[in-house]
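I have placed the structure first, in the form of structure tokens, so that the comments after it can refer back to it.
A note on names: the letters A, B, ... follow the listed sequences, proteins ahead of strands, and every chain is numbered from 1.
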Amino acid sequence: MSTNTDLASMFHTMATILEIKGESGFKVNANTKVARALEDLVEDVASIPDLTSIPGVGKSSATKIQNYLKTGQMIEFEALRNSIPSGLLDVMRVQGLGPKKVRQLWQEADVIDIATLRKAIDDGRLDTLPRMGKKTIENISEALAFVETSGNRTRIGIAMPLAESIIQSLQEQPGITNIAFAGSLRRGKETIGDIDILASTENPMALSDAFCTMNNVAIVQAKGETKCSVRLESGMQVDLRVVDKSKFGAALLYFTGSKEHNIILRERAIKQHKKLNEYELEPSNTSDTEEAIYADLGLPFLPPEIRENRGELLCDQIPNLITLQDIRSDLHCHTTASDGHMSIEELAMHAIARGYHTIAVTDHSQSQGQANGLKPKRLLQHIEAIHTANAAIDAITILAGSEVDILQDGTLDYEDELLAKLDIVVASPHAALSQSSSEATARLLKAIEHPLVHIIGHPTGRIINKRKGLEPDIPALIAAAAQHNTALEINANSYRLDLRDTHLKAAVDGGAMLSINTDSHRPVDFEQLRYGILTGRRGWLTPEKCVNCFTHDKLIAWLRRN
DNA sequence: GCCGTTTTCGGCCCGACTGTTTTCAGTCG
């Protein structure tokens, strides 16, 4: 499956090179579009008979992909890559440098990578270039410092609390009527490039002053009447837009994106002889709320999480997406018996406080030595302890479970006889996470088909920005999960979010059940649930398809289905 | 390079800010 990722990255690279070479922007866009389509693809691209059936992929790109699949090489890619110094792709990542300036630096100042750019600045070679004044060079020099440090996008678990605290501090400014975050953060993406904040105020200057002088600001990149841009000491970029209150809806829609969603919306407006921009939908008086704008365009309100041009604009009826309030149980949590920091009773109290009817105790199995995984004898004692706590606490059902390792070959970490004594079995891969796609598929299928397994925990084992994890044949897993009534987990921890949004949409479409769990080790981990919910919504998940939303009796019946 | 509820050719989303200009190109989102 990494073929998809490899190809996507090649098309992204081709788009960038074409830009630097000054080719038509439409051609550049076309390549970017193909790259994005490949990123969104759930099935292995090699398994698709007609590549041009993928929207955005035409004859030319299809041929390139086919050649790569056949030979492991793409002639056009190699040719493009050899046509410019490869270091220029790094130079493109410098904020403020786009294709035109990079080409100028290359052709007129012999810049071929970050190092020669640094040197060119230092020896004054850039000073004489046209449209390259003192300030521009200064800005490039400052931005260079961030290229090395800020390679990764930020996890939503970091970005969202940060955005909330910024909003909280700005909210106290006089004259504020509206303030919200937009962008990929509002869409609930697993990682965020920068934070977009949108506000209406009667006192714009006070707000932008307050924004640009927040105590964690490192650099003010732009400061205007309606737009400010800063970089925080952490490297995170934060943009503030100020708009008129009557146009807040149009602006929120615009800055929430995604870009692809917006483009389709604007095209739709044009077809209706209207014009949509970041301020208003013309001719119309309905620019103050997103709801009114969608209605004016003849569309239902589309929740931010699904605005990705993945079918939401072609859909007559948007399903009722899952919310935090729909969750009635957490089926994957740890106690001090393995590597958690809560007792069984503490776990139960936190779950009661959240209004759950059921909590599952699922400590690690014996192979997880470093996590103090339970040997069979300790598991038997633990089951007893859980039953005792369950009998003592009326307000909630405490299930005796285990997070059982799915070993490398797909067998489980306990004998069936022992597993049968548990109320719930969450089977998860923890080790051997770099095995081949076919091995991973066979391994996970074996667990899905096991009659005593209820949920597959964090199915790929990926860690965002750190570990790629398994790359199984996702459609095959989904089909098996649907057939055997085994739920696939959305692990809500913001390091994991596994299954990820795109896989999830395929799972929902494929009729599989899902389960959103926090994998809590400490009380604070329960708060991560919201990231699981956002991911679920990005995958068009409804409460009916999520076992954590079942009533108590329905959940118990589902657990005893075999 | 891709695409078609006016099209197989002729389009392809839109505006703010910066820096360098003296009316605008480049970058960004």
Side-chain angles (χ1 to χ4, degrees), chain A residues 11 14-15 18-20 22-37 51-65 76 80 91-105 126-127 129-140 142-143 182-185 187 192-198 204 208 219-231 237-243 247 250-251 253-282 298 309 314:
Chain A
F11 276 93
M14 288 196 285
L18 289 169
E19 263 191 304
I20 294 173
E23 295 275 346
S24 142
F26 302 116
K27 203 164 160 179
V28 172
N29 272 342
N31 276 276
T32 306
K33 220 168 161 183
V34 173
R36 193 171 186 267
L51 292 168
T52 58
S53 67
I54 305 170
V57 179
K59 223 169 141 186
S60 165
S61 297
T63 307
K64 287 176 193 157
I65 295 171
E76 297 84 353
L80 272 177
V91 178
M92 275 292 280
R93 287 174 46 220
V94 177
Q95 175 109 33
L97 287 184
K100 303 274 166 54
K101 282 229 167 69
V102 168
R103 185 156 55 133
Q104 184 191 22
L105 289 169
L126 307 188
D127 302 353
L129 295 184
R131 295 195 73 85
M132 191 70 78
K134 205 173 147 198
K135 186 73 186 150
T136 302
I137 294 171
E138 215 174 285
N139 288 344
I140 295 172
E142 275 186 344
S184 53
L185 189 56
R187 301 201 310 278
I192 275 69
D194 52 32
I195 295 175
D196 295 301
I197 293 177
L198 189 65
S208 67
I219 299 175
V220 177
Q221 292 172 321
K223 185 167 186 258
E225 287 234 335
T226 63
K227 179 183 167 179
C228 298
S229 191
V230 300
R231 197 176 279 281
Q237 182 171 322
V238 188
D239 295 339
L240 172 72
R241 318 275 179 154
V242 180
V243 297
K247 294 167 179 170
L253 184 63
Y254 180 84
F255 289 112
T256 297
S258 65
K259 189 177 164 186
E260 291 76 11
H261 179 88
N262 284 350
I263 288 172
I264 307 284
L265 276 188
R266 289 198 285 270
E267 286 171 357
R268 189 180 178 102
I270 290 169
K271 276 180 196 147
Q272 297 178 12
H273 307 290
K274 297 169 185 166
K275 191 175 112 177
L276 179 63
N277 60 24
E278 62 205 81
Y279 302 112
E280 57 201 338
L281 176 62
E282 288 177 341
N309 190 26
L314 304 166

Please step through salt bridge (Lys or Arg N to Asp or Glu O under 4.0 Å) for the pair A:Glu282 and A:Lys274, ending with a clear verdict. CA-CA 5 Å; A:Glu282 288 177 341; A:Lys274 297 169 185 166; over 6 Å; no
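Within 4.0 Å of A:Ser61, counting heavy atoms only, lie sugar-phosphate atoms of the nucleic acid but no base atom.
The A:Asn31 side chain lies nearest to B:dG1 when the options are B:dG1, B:dA16, B:dG26. For A:Lys135, the listed nucleotide lying nearest its side chain is B:dT20; candidates were B:dC2, B:dG15, B:dT20. Checking B:dG19, B:dC14, B:dT27 against the side-chain heavy atoms of A:Pro99 singles out B:dT27 as nearest. Taking the side chain of A:Asn139 as heavy atoms from C-beta on, and the options B:dC14, B:dT18, B:dG1, the nearest nucleotide is B:dT18.
Contact annotation: A:Ser229 side-chain N/O to B:dC17 OP1/OP2 distance is not under 4.0 Å. The side chain of A:Asn29 places no N or O atom within less than 4.0 Å of a non-bridging phosphate oxygen (OP1 or OP2) of B:dG1.
Counting to the nearest Å, the C1' atom of B:dG19 and the CD atom of A:Glu138 are 12 Å from each other.
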Find every protein N or O atom lying less than 3.5 Å from an N or O atom of nucleotides 3-8 of chain B, and list the pairs.
from, atom 1, to, atom 2, distance (Å)
B:dC3, OP1, A:Gly56, N, 2.7

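The nearest pair of heavy atoms linking A:Arg187 to A:Thr256 is NH1-O, 2.7 Å.
The base of B:dG29 is paired with the side chain of A:Tyr254 by a donor and an acceptor separated by under 3.5 Å.
B:dT6 and B:dC12 have their P atoms separated by 15 Å, given to the nearest Å.
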